[in-house]
Amino acid sequence: MKEFDDINFSVDKYTKELTRECVGGSDLQQRKKEIEAYNEQTSATLKQTCKKNYMQFIQTAKEISHLESEMYQLSHILIEQRNILATMTDGKASSHLKADSIEAETGSAVTEDVENSHATRAVKEMVQGFNGNLEGKTFLNEGALIELDGNDYRPIQRVFFFLFNDVLIVCKVKHDKRLEFLTEYDPKKIAVINIKDLDGVKNAINIITPDGSKIYQSITAAGKSEWIEKLEEAFRFDQQKKTKKGQAPQPPGRAKQQQQQTPSKGATPEKVPAQSPSDAQPKSLEDETPEWLSTASEELQTLVAQRHFEDAQLQIKRTQDYLRLAENKKRLPLIEAIESKVKLQEQKLTNVLIQELSNSHHRNLQIALRAAQRPLKILVEMGRSRQASATLLKVCTVSLRVAQREARRNNAEISELFFCDLAQVACDFLSAFEQQPACVSALVVWCNAELQYFASQLIKHYLTKGTSLESVAKCVERVRKPATKLTEIGLDISYHLEGLLRTTLEALIEESKQRLLDAVGRTEESWQPYNLQTKSNLKRLLHELDSLGIDMRVQTTGDTWLNLTQSTLVFVRQFLQLTEYCGCLAKGEALMQSLEQLLRDLFLAQHALKPPSDMAVDPNFVMKNKIFLVDNLLPIAIDKFRQISGRQCEALRELHTKLTRQQGAPVPRQRSVYTTDVF
């Protein structure tokens, strides 16, 4: 097989040499098997190589993800350090340039007022649908961006940003270059993440808002950097404003001198307020707060932005356990502020996980449930079981109905698919919330709603008006079998399903009864023995009736004759088939009365047939057909109904007893005194 690995391999040349070397078909078959074995071996090798490369690709992707997370953390630390250095520089410079800064601040204030008024007027005139109040707000930046899809980075729409100190206005750029108001955000409630430039996407930033994560792309790298800087400036605007307008801190020596000089200016010692212990030692109380606790809210925000939900949940639990201790509450001065920040981050994490769980729906239910495991587990551990269970059931509803719609479109089996999916949802739900028995009621209500929807779709597409009883019986049988399997997991919905379908099935049974009764006796009957013309036709009919459970060989005469009428034979075959369908439907007790009435009325209609008064017919032959229906057909139908449904058909049993008693002796044939059969 080394020839196949050659670069200059030729199929035609190899085939000619192979046919020249082989002698007979057996050698060719042997070489064919060798080539097929080599093909399978090569295919297996390629699969192993692809799997190995794929695993390496996954490991590389994980390493890249870890590196990006570390780079984000480093960027976050560098930004904080830069802000601290900027604050220290501003504090030092303010003491030397205080006089010059008064004039600069006056000029800058005038310039800022002019810019704010222009920006406010532009927003009111250009943006359609914006009714917010921009008075007293400081304008920071404006510009056009492109919103991208978070999955494949596909451009969605063009947007325009107006950034003020406490509001970010997002507008949509319409085709006529006009701006339409979309939404607004508080810059203090959003997080900005720098996205590394990829092959297909450059100059993109990720803005995490209360509505979810959104990706925007700038035209240039400078524009991207400017937006990141301006958004961070808006985030810290109030802090910077306070540091600029506040009184500069005095050196400790000068502060002590002022405190010593204050009572010496005429104030009596009694008027000097006593210093409380808490004011005397503020530094010691602040030192008692652990460093990880003071930065817990910022750390949680970073973990949520990086999608490290498990670590964020553990951090929240650690913080809450630490703050729950009574001695820590007494010892920490900023306990209320820390608790409020942690609660806010916990709520943000809950919203992100609920959104993650909502986005896990998929056409394939197994994929949807697998994608929901991670956020579901974290939400249960956080005590959000009710929200998690409600969201999970909504996701399962979407997946179930999409699967049902595709199965109907492809003419696939929908009943088995529905009940298997229902069982899978129930098993996964109970395993996820096994410690939360209160959530089981939500599962029961959800199963009830999904069963009602499934029954409505079943009636709409498969149990429509005019459907034959055979199709109805097969459809109901395909529904009942998988429904009974759910009892293995403690979910019995068969009785409820029978109740949902009962009205429709009774209407279809009544419709079938009227149609069958109208067909009885409609064909003309000669009341003569049935001639099947050929032996093969007779043999085929006898075999078909044997499969239905009735032996007609006793009624055969000659080579091609049956000593019954054609209508009687057609009714026998039709009635036995109808008994099978009714037996399948009668497994549910609710339809028993309608089915018994159908069989009884149909049998009586056939039994009451008689020849016209002007037709010369042997009355014994007519009586023989009726006796055959009562003595042969009716017992077989009763037994078949009992075997299939597991119930006794009381209406047919009473009818058999009644008709057996009414049968009398054969009526003698009427003969004319002017004719004779003897020649």
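We count residues from 1, following the sequence as given. Small disclaimer: the values here were computed from a predicted structure and weren't measured.
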Examine distances only and state if a side-chain atom of [X] and a backbone atom of [Y] form a donor-acceptor pair shorter than 3.5 Å.
| X | Y | value |
| --- | --- | --- |
| Thr319 | Gln315 | yes |
| Ser399 | Cys396 | no |
| Glu180 | Gly129 | no |
| Asp551 | Arg553 | yes |
| Thr467 | Leu463 | no |
| Asn448 | Val444 | no |
| Thr568 | Leu564 | no |
| Lys460 | Ala455 | no |

Regarding [X] and [Y], is there a side-chain donor-to-acceptor distance under 3.5 Å anywhere?
| X | Y | value |
| --- | --- | --- |
| Gln347 | Asn351 | yes |
| Ser471 | Ser468 | yes |
| Gln320 | Glu346 | yes |
| Asn206 | Ser213 | yes |

Looking only at heavy atoms, what is the nearest atom pair of [X] and [Y], with distance?
| X | Y | result |
| --- | --- | --- |
| Ile205 | Ile195 | C-CD1, 3.8 Å |
| Val304 | Ala312 | CG2-CB, 4.2 Å |
| Gly583 | Ile644 | C-CG2, 3.6 Å |
| Ala403 | Leu417 | O-CD2, 3.8 Å |
| Ala407 | Ile414 | CB-CG2, 3.7 Å |
| Tyr216 | Leu145 | CB-CD1, 4.1 Å |

* **Reference residue Gln387; test side chain to side chain contact (heavy atoms under 4.5 Å, CB included); the match among Leu392, Leu353, Thr350, Leu379** =>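 Result for side chain to side chain contact (heavy atoms under 4.5 Å, CB included) with Gln387: Thr350.
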With sequence neighbours left out, write down each residue that passes ring-ring contact (aromatic ring centres under 6.0 Å, His included) with [X], or none if nothing qualifies.
| X | result |
| --- | --- |
| Tyr462 | none |
| Phe571 | Phe575 |
| Tyr185 | none |

Working to the nearest 0.5 angstrom, can you tell me the gap between [X] [atom1] and [Y] [atom2]?
| X | Y | atom1 | atom2 | answer |
| --- | --- | --- | --- | --- |
| Glu147 | Ile207 | CD | CD1 | 9.5 Å |
| Gln566 | Leu569 | CD | CG | 8.0 Å |
| Thr464 | Leu508 | OG1 | CG | 8.0 Å |
| Glu184 | Thr209 | CD | OG1 | 13.0 Å |
| Leu545 | Leu541 | CG | CG | 4.5 Å |

Do [X] and [Y] have side chains that approach each other closer than 4.5 Å (heavy atoms only, starting at C-beta)?
| X | Y | value |
| --- | --- | --- |
| Met552 | Phe628 | yes |
| Leu148 | Ile156 | no |
| Ile208 | Ile190 | no |
| Tyr530 | Leu532 | yes |
| Leu576 | Ile550 | yes |
| Leu430 | Val440 | yes |
| Asn359 | Val395 | no |
| Ser494 | Arg480 | no |

Under 3.5 Å, side-chain donor or acceptor atoms of residues 584-600 against the rest of the protein: list the pairs with distances, not counting sequence neighbours.
{"residue": "Lys587", "atom": "NZ", "partner": "Glu477", "partner atom": "OE2", "Å": "3.1"}
{"residue": "Glu596", "atom": "OE2", "partner": "Glu650", "partner atom": "N", "Å": "3.4"}
{"residue": "Gln597", "atom": "NE2", "partner": "Asp601", "partner atom": "OD1", "Å": "3.2"}
{"residue": "Gln597", "atom": "NE2", "partner": "Asp601", "partner atom": "OD2", "Å": "3.2"}

Check ion pair [X]-[Y] (N to O, under 4.0 angstrom):
| X | Y | value |
| --- | --- | --- |
| Arg31 | Glu34 | yes |
| Arg374 | Glu310 | yes |
| Arg642 | Asp639 | yes |
| Glu544 | Arg573 | yes |
| Glu510 | Lys513 | yes |
| Glu416 | Lys481 | no |

* **Charged tip of Arg647 within 45° of Phe641 ring normal and under 6.0 Å** =>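 Output no; distance or angle outside limits.
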* salt bridge (charged side-chain N to carboxylate O under 4.0 Å, His left out) against Arg478, all qualifying residues, sequence neighbours excluded ->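 Scan of Arg478 (salt bridge (charged side-chain N to carboxylate O under 4.0 Å, His left out), adjacent residues dropped) gives Glu413.
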* To do: May I ask you to decide if the ring planes of Phe433 and Phe429 are parallel, tilted or perpendicular, using 30° and 60° as cut-offs?
  =>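 Tilted.
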* To do: Provide the full list of salt bridge (charged side-chain N to carboxylate O under 4.0 Å, His left out) pairs with a residue in residues 466-475, sequence neighbours left out, each pair given once.
  =>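 Pairs touching residues 466-475 that pass the test: Glu470-Lys474.
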* Residues Thr397, Glu450; criterion side chain to side chain donor-acceptor pair (under 3.5 Å); working and verdict -> CA-CA 8 Å; Thr397 298; Glu450 290 304 308; 3.3 Å; yes
